[in-house]
Amino acid sequence: DDTEMNIVVEKGLLAPYNMQIDVAYDGIQALKKVKSDTHYDIIFMDHMMPEVDGIETAKRIRNLPENAGRTVKIIALTANVIQGVENEYIAAGMDDWLFKPVKQEQLKGMILKHLRT
């Protein structure tokens with residue numbers, strides 16, 4: 001996410017799960033982090049970001065030669081509720097999506113769903 005307030009809220013929603021949280025403010029930073037030696041289980045990817053948006057970033061992550069880019073779960077975070085947008089996320093290689101404002105129970109369900117597989 002590129003909005004500091006959204007990041008604060010999202011970190012707050014994730015706090016009960018004692019997860020290691022890493023933040024990227026745009027798609028370029030996200031790509032650099034995925035290419036690093038850090039292993040990520042889930043990426044919550046904002047759809048609308050500067051430089052490279054979430055859809056293009058997800059495509060680039062999926063095309064990385066490293067294994068991590070192919071196996072990490074990518075969940076779109078979006079305020080875009082246009083009908084059919086989910087198909088665009090899936091085509092980009094995202095595994096799922098959450099509409100903003102994200103609710104605690106929805107986030108919990110998404111974490112449980114994707115960390116179990």
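Residues: numbered from 1 along the sequence shown.
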Contact between T57 and E51 at the side-chain level, heavy atoms closer than 4.5 Å - yes or no?
no
Do Q104 and P16 have side chains that get closer than 4.5 Å, going by heavy atoms?
yes
Shared hydrophobic cluster, [X] / [Y] (ILVMFWY, side-chain heavy atoms < 4.5 Å):
| X | Y | answer |
| --- | --- | --- |
| V52 | M45 | no |
| I90 | I43 | yes |
| V8 | V23 | no |
| V85 | M48 | no |
| I42 | L98 | yes |

Do you know the tightest heavy-atom contact between [X] and [Y]?
| X | Y | answer |
| --- | --- | --- |
| I55 | E88 | CD1-OE2, 3.2 Å |
| A76 | M94 | CB-SD, 3.3 Å |
| P50 | D26 | O-CB, 3.4 Å |
| A24 | A30 | CB-N, 3.5 Å |

Taking atom [atom1] of [X] and atom [atom2] of [Y], what is their separation to the nearest 0.5 Å?
| X | Y | atom1 | atom2 | value |
| --- | --- | --- | --- | --- |
| I111 | M19 | CD1 | CE | 4.5 Å |
| D22 | S36 | CG | OG | 7.5 Å |
| L14 | K11 | CG | NZ | 10.0 Å |

Testing the 3.5 Å rule here: is there a donor-acceptor pair between the side chains of Y25 and T3?
no
Quiz question: by atom type and distance under 3.5 Å, do the side chains of D95 and H114 form a donor-acceptor pair?
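Per modelled atom types, D95 and H114 side chains form no pair under 3.5 Å.
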Does the side-chain contact (heavy atoms from CB on, under 4.5 Å) test come out yes or no for R62 and V72, once each step is laid out?
CA-CA 9 Å; R62 292 300 187 220; V72 64; 3.8 Å; yes
F44 and its side-chain contact (heavy atoms from CB on, under 4.5 Å) partner, picked from I21, L77, L13, V102
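That would be L77.
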With side-chain contact (heavy atoms from CB on, under 4.5 Å) as the test, would you mind laying out the steps for K100 and D46 before giving the verdict?
CA-CA 10 Å; K100 293 179 182 179; D46 188 21; 3.0 Å; yes
Side-chain donor/acceptor of D53 to backbone N/O of E56, under 3.5 Å:
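Between the backbone of E56 and the side chain of D53 there is a qualifying donor-acceptor contact (under 3.5 Å).
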Pair K73, L115 - check side-chain contact (heavy atoms from CB on, under 4.5 Å), show working.
CA-CA 8 Å; K73 301 296 182 179; L115 287 184; over 6 Å; no
Under 30°, 30 to 60°, or over 60°: which ring-plane class applies to W97 and Y89, parallel, tilted or perpendicular?
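Rings of W97 and Y89: tilted, 30 to 60°.
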